[in-house]
A.B. asks: 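Quick one: this structure, given as structure tokens, is what I'll be asking you about.
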Amino acid sequence: MAQIIRIENIADHVGETVTLQGWLYRKTGKGKLQFLQIRDGSGQIQGVMFKPNLPEEIFAAGKRLTQESSIIVTGTVKAEPRAKGIPAGYELDVSDLEIVQIADEYPITPKEHGVDFLMEHRHLWIRSRKQWATLRIRATIMRAIRDWLDGEGYVEMSTPIFTPAAGEGTTTLFEVDYFGEPIYLAQTGQLYNEANIFAFGKVYAFGPTFRAEKSKTRRHMTEFWMVEPETAYQDLDGLMDMEERFVSYIVQRVLKERRAELEVLERDTSALERVVPPFPRVSYDEAFEKLQEIRANSDDPELKDLLALEWGDDFGSPHETELTKLYDRPIFVYGFPTAAKAFYMEPWPGRPEVCKSVDMLAPEGYGEITGGSERISDPELLLERIKHDKLPEAAFKWYLDLRKYGSVPHSGFGLGVERTVAWICGIHHVRETNPFPRTLGRVYP
RNA sequence: UCCUCGGUAGCUCAAUUGGCAGAGCGAGCGGCUGUUAACCGCUUGGUUGUAGGUUCGAGUCCUACCCGAGGAGCCA
């Protein structure tokens with residue numbers, strides 16, 4: 001054995017003899033030549049075995065290898081411009097091969113498979129190139145999220161996952177038995193973060209969140225990750241400024257650090273290069289007009305039906321999709337009708353029928369990736385809204401307290417990690433952006 | 001909950017009017033010095049989602065159910 005290295009560092013070892021610990025991803029034999037596609041979790045490289053250059057038993061060991069067999073391979077690193085590995089441009093001239101285990105017949109072949117089969121084998125599917133690339137990018141996105149917020153002076157706060165039923169609408173909450181009492185898995189940490197900002201000024205929560213929605217679409221999961229920054233002394237305009245800087249940083253960071261993975265995914269990176277501030281800001285009223293226009297000009301009766309909308313309705317995904325088609329970068333839609341939004345959102349000055357809410361819609365049909373608002377800071381108005389929505393006042397006592405002891409304008413948003421990963425990776429369905437997705441009707445594996 | 005489509009070999013799919021259940025891939029064996037979804041030859045492969053019905057005969061037609069996919073609704 002030589003020095004053990006990881007494939008992602010292969011460029012530092014050209015001309016050296018090194019050892020790789022990994023798995024056989026694929027093999028092609030050609031008589032006296034064998035090509036082993038080796039992966040070690042950090043990358044992929046082709047190992048070349050030429051019979052006349054090797055002891056007979058080593059070459060024979062190569063022939064025995066099955067897909068996903070675990071192997072320890074020693075060889076000389078060569079620069080080879082035509083090699084397609086990850087990173088590209090390197091090859092390993094194999095001199096020794098140790099078999100750790102000959103893998104059983106592996107169910108996932110290089111050919112095509114259906115969604116159900118792949119989801120049933122998710123524990124193995126994550127080894128495949130595109131899944132591997134997606135999940136590496138996910139990790140980078142999660143790191144970029146923390147790096148940007150930490151760099152801006154935000155303090156990470158853990159908010160509870162066990163929560164009392166703060167309001168109505170428990171139909172979308174997962175109920176848990178808490179020593180005989182029903183409690184619920186958190187849908188958001190926002191209300192707690194509104195308490196946290198009065199102690200720390202700028203905070204964020206980052207973790208899993210749970211929604212018992214019976215949604216079976218490519219953008220829904222019952223368990224997903226969300227980052228929720230909340231900022232004191234920040235109004236709606238300040239919120240949009242912050243969001244566009246934040247999201248641009250994440251995208252540019254992925255472009256910088258995960259080129260090889262984006263290439264595996266065949267992602268059009270020019271669409272990502274354009275993600276720099278400022279993002280277009282479209283009011284609900286303007287968006288409403290645009291959608292009416294698109295609907296009027298459409299020849300497709302089905303689309304006309306899907307786009308039917310009255311002022312005051314929240315947008316569905318068909319509306320978001322049509323709207324984002326008009327732009328080549330993320331957009332903000334702000335000023336939604338108050339009736340369609342949550343009780344805590346600050347009303348628009350002089351126009352109480354709309355509120356200081358904002359969604360960010362990703363381009364290329366990906367739709368909503370963030371939702372946020374400026375929060376009500378006036379205690380009397382907040383109480384009025386709680387009563388208007390017939391929410392249990394007692395449960396919000398602590399929340400109302402926040403408006404009594406040094407209340408300030410403040411705002412925040414939630415960004416859905418899986419939807420963001422899907423957009424940046426150019427992946428159709430959010431289920432591929434989480435290693436073990438929980439969706440309606442599937443919790444295995 | 002509603003709409004649409006589907007369920008046949010380990011996988012992806014085919015099977016004409018109701019008439020012998022097939023192909024490719026995978027796997028196994030052999031061949032090949034530049035493959036990378038390799039290629040060539042041979043071998044291996046079936047409770048047609050479940051239950052019932054019609055029929056001389058059902059993968060195909062009928063009924064009910066189960067499961068999956070896409071979408072809608074729903075979704076701070």
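Computation of the quantities below employed the complete heavy-atom set of this structure, encompassing side-chain atoms and omitting hydrogens, waters and symmetry-equivalent molecules. Letters go in sequence order (proteins before strands), and every chain restarts at 1.
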A.B. asks: Please tabulate, one pair per line, each protein N/O and nucleotide N/O from nucleotides 37-43 of chain B that are separated by under 3.5 Å, including the distance.
C.D. replies:
{"from": "B:A37", "atom 1": "N3", "to": "A:Lys111", "atom 2": "NZ", "distance (Å)": "3.1"}
{"from": "B:A38", "atom 1": "N6", "to": "A:Gly29", "atom 2": "O", "distance (Å)": "3.1"}

A.B. asks: Are any of the side-chain heavy atoms of A:Leu92 and A:Val73 separated by less than 4.5 Å?
C.D. replies: yes
A.B. asks: Do A:Phe210 and A:Phe224 have ring centroids that are under 6.0 Å from one another?
C.D. replies: no
A.B. asks: So, does A:Arg219 get its side chain near the phosphate of B:G70, meaning an N or O under 4.0 Å from OP1 or OP2?
C.D. replies: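 No.
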A.B. asks: Distance check: side-chain N/O of A:His429 vs OP1/OP2 of B:G70, anything under 4.0 Å?
C.D. replies: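 Yes.
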A.B. asks: Does A:Glu320 pair with A:Arg219 as a salt bridge, N-O distance under 4.0 Å?
C.D. replies: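 Result for this pair is yes, salt bridge flagged.
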A.B. asks: Applying side chain to side chain donor-acceptor pair (under 3.5 Å), run through A:Ser411 and A:Gln234 and close with a yes or a no.
C.D. replies: CA-CA 6 Å; A:Ser411 59; A:Gln234 179 180 261; 2.8 Å; yes
A.B. asks: Checking contacts here: which listed nucleotide (B:C75, B:U36, B:G68) is nearest the side-chain heavy atoms of A:Asp116?
C.D. replies: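 My answer, after comparing the listed nucleotides, is B:G68.
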A.B. asks: Quantified in whole Å, what is the C1' atom distance between nucleotide B:U63 and nucleotide B:G45?
C.D. replies: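 One C1' to the other, the span is 34 Å.
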A.B. asks: Looking only at side-chain N and O atoms, does A:Glu156 offer a donor or acceptor that is under 3.5 Å from a partner on A:Tyr204?
C.D. replies: yes
A.B. asks: Using the six-membered ring wherever Trp is involved, compare the ring planes of A:Phe162 and A:Tyr178 and label them parallel, tilted or perpendicular (cut-offs 30° and 60°).
C.D. replies: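 The rings of A:Phe162 and A:Tyr178 stand perpendicular, inter-plane angle above 60°.
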A.B. asks: Please confirm whether any donor atom in the side chain of A:Lys216 sits under 3.5 Å from an acceptor in the base of B:A69, or the reverse.
C.D. replies: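 Check passes, donor-acceptor contact within cut-off.
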A.B. asks: Can you figure out which of B:G34, B:C11, B:G26 approaches the side chain of A:Phe117 most closely?
C.D. replies: B:C11
A.B. asks: What pairs with A:Asp305 under salt bridge (charged side-chain N to carboxylate O under 4.0 Å, His left out), at least two apart in sequence or on another chain?
C.D. replies: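 Expected list: none.
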A.B. asks: Write down the distance separating the P atoms in B:G6 and B:A15, rounded off to the nearest Å.
C.D. replies: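 Pairwise P distance, B:G6 against B:A15, rounds to 12 Å.
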A.B. asks: Taking atom P of B:A69 as reference, at what distance in whole Å does atom NE2 of A:His220 sit?
C.D. replies: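 Result: 15 Å.
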A.B. asks: Consider the side chain of A:Gln46, meaning its heavy atoms from C-beta on, and name the nucleotide among B:U12, B:C75, B:G34 that approaches it most closely.
C.D. replies: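 Ranking B:U12, B:C75, B:G34 by closest atom to the A:Gln46 side chain puts B:G34 first.
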A.B. asks: For atom C1', what is the distance between B:G30 and B:C66, given to the nearest Å?
C.D. replies: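 Looking at atom C1' only, B:G30 and B:C66 are 46 Å apart.
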A.B. asks: I'd like to check A:Glu98 versus A:Ile71 (side-chain heavy atoms, cut-off strictly below 4.5 Å). Are they in contact?
C.D. replies: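 Heavy-atom side-chain distance check fails, nothing below 4.5 Å.
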A.B. asks: With sugar-phosphate meaning primed atoms plus P, OP1 and OP2, does A:Glu91 contact a base, only sugar-phosphate, or nothing at under 4.0 Å between heavy atoms?
C.D. replies: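 It contacts base atoms.
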A.B. asks: Considering only nitrogen or oxygen atoms on both sides, find all protein atoms under 3.5 Å from nucleotides 2-8 of chain B and state each distance.
C.D. replies:
none

A.B. asks: Expressed as a whole number of angstroms, how long is the span from A:Asn53:CG to B:G34:C1'?
C.D. replies: 14 Å
A.B. asks: Compare side-chain N and O positions of A:Arg218 against OP1 and OP2 of B:G71 and report whether any pair is under 4.0 Å apart.
C.D. replies: yes
A.B. asks: Taking Watson-Crick (N1-N3 plus N6-O4 or O6-N4) and G-U wobble (N1-O2, O6-N3), each under 3.5 Å, can you produce the dot-bracket string of RNA chain B? Use [ ] for crossing pairs and | for inter-strand ones.
C.D. replies: (((((((..((((.....[..))))((((((.......))))))....(((((..]....))))))))))))....
A.B. asks: Side-chain donor or acceptor of A:Gln34 under 3.5 Å from a matching atom on the base of B:G34?
C.D. replies: no
A.B. asks: Would you jot down, in residue-number order, the residues of residues 332-353 of chain A having a non-hydrogen atom under 4.0 Å from RNA chain B?
C.D. replies: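 Going residue by residue through residues 332-353 of chain A, the ones with a heavy atom under 4.0 Å of RNA chain B turn out to be A:Ala342, A:Tyr344.
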A.B. asks: Considering only atom C1', compute the distance from B:G7 to B:G46 and round it to an integer number of Å.
C.D. replies: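 So the two C1' atoms sit 15 Å from each other.
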A.B. asks: Just checking, is any N or O donor in the side chain of A:Thr74 or A:Ser95 under 3.5 Å from an acceptor N or O on the other one?
C.D. replies: no
A.B. asks: Name the nucleic acid region contacted by A:Ser317, choosing base, sugar-phosphate or nothing; use a 4.0 angstrom heavy-atom cut-off, strictly under.
C.D. replies: sugar-phosphate
A.B. asks: Measure CG/A:Leu65 against C1'/B:U36 and give the value in whole Å, please.
C.D. replies: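 Roughly 16 Å, once rounded to whole Å.
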A.B. asks: How would you list, by chain and number, every residue that makes a salt bridge (charged side-chain N to carboxylate O under 4.0 Å, His left out) with A:Glu368, sequence neighbours excluded?
C.D. replies: none
A.B. asks: In whole Å, I'd like the distance from the NE2 atom of A:His319 to the P atom of B:C75.
C.D. replies: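 A:His319 atom NE2 is separated from B:C75 atom P by 15 Å.
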A.B. asks: Taking only the C1' atom of each, what is the distance from B:C40 to B:U54 in whole angstrom?
C.D. replies: 50 Å
A.B. asks: Rounding to an integer number of Å, can you tell me how far A:Gln67 CD sits from B:C25 P?
C.D. replies: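 It works out to 16 Å between those atoms.
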A.B. asks: To the nearest Å, how far apart are A:Glu322 CD and B:A72 C1'?
C.D. replies: 16 Å
A.B. asks: Taking atom types as they are modelled, would you say the side chain of A:Thr109 forms a donor-acceptor pair with the base of B:C11 within the 3.5 Å cutoff?
C.D. replies: no
A.B. asks: Rounding to an integer number of angstrom, what distance separates B:G49 and B:U8 when you compare their P atoms?
C.D. replies: 6 Å
A.B. asks: Drop me the distance from A:Lys290's NZ to A:Asp285's CG, to the nearest 0.5 angstrom.
C.D. replies: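 Output value for this atom pair is 12.5 Å.
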A.B. asks: Which nucleotide in the list B:G28, B:G73, B:G34 gets nearest to the side chain of A:Thr66?
C.D. replies: B:G28
A.B. asks: Pick base, sugar-phosphate or nothing for A:Arg442, based on heavy-atom distances below 4.0 Å to the nucleic acid.
C.D. replies: nothing
A.B. asks: To the nearest Å, give me how far apart CZ (A:Phe210) and C1' (B:C74) are.
C.D. replies: 20 Å
A.B. asks: Tell me which of A:Lys214 and A:Pro107 sits closer to the 5' end of RNA chain B, going by the nucleotide each one is nearest to.
C.D. replies: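 Per heavy-atom nearest nucleotide, the more 5' residue is A:Pro107.
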A.B. asks: On a plain distance test, is the side chain of A:His113 in donor-acceptor contact with the base of B:C11 below 3.5 Å?
C.D. replies: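 No.
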A.B. asks: Is it true that A:Ser42 and A:Asp40 share a donor-acceptor pair across their side chains at a distance under 3.5 Å?
C.D. replies: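 Their side chains do contain a donor-acceptor pair, which is all the 3.5 Å distance test asks for.
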A.B. asks: Nearest whole Å is fine: how far is B:A72 P from A:Leu309 CG?
C.D. replies: 15 Å
A.B. asks: Please measure how far the P atom in B:A9 lies from the corresponding atom in B:C5, and state the result in whole Å.
C.D. replies: 23 Å
A.B. asks: If you check the A:His428 side chain, which of B:A72, B:G68, B:G71 turns out closest?
C.D. replies: B:G71
A.B. asks: Is any side-chain heavy atom of A:Glu432 less than 4.5 Å from a side-chain heavy atom of A:Trp125?
C.D. replies: yes
A.B. asks: Specify the residue among A:Arg82 and A:Thr217 whose closest nucleotide of RNA chain B lies further upstream toward the 5′ end.
C.D. replies: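 It is A:Arg82, whose closest nucleotide lies nearer the 5' terminus.
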A.B. asks: For the C1' atoms, the ones on B:U36 and on B:G41, what distance do you get once it is rounded to whole angstrom?
C.D. replies: 23 Å
A.B. asks: With a 4.0 Å cut-off on N to O distance, would you call A:Glu80 and A:Arg82 a salt bridge?
C.D. replies: yes
A.B. asks: Do A:Arg403 and A:Glu194 sit within salt-bridge range, that is, some charged N less than 4.0 Å from a carboxylate O?
C.D. replies: yes
A.B. asks: Charged N to carboxylate O under 4.0 angstrom, A:Glu384 versus A:Lys387?
C.D. replies: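 The answer is no: the pair does not qualify as a salt bridge.
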A.B. asks: Please determine whether salt bridge (Lys or Arg N to Asp or Glu O under 4.0 Å) holds for the pair A:Glu8 and A:Arg6, giving the CA-CA distance in whole Å, both sets of side-chain angles, and the decisive distance to 0.1 Å.
C.D. replies: CA-CA 6 Å; A:Glu8 64 186 340; A:Arg6 301 201 88 205; 3.6 Å; yes
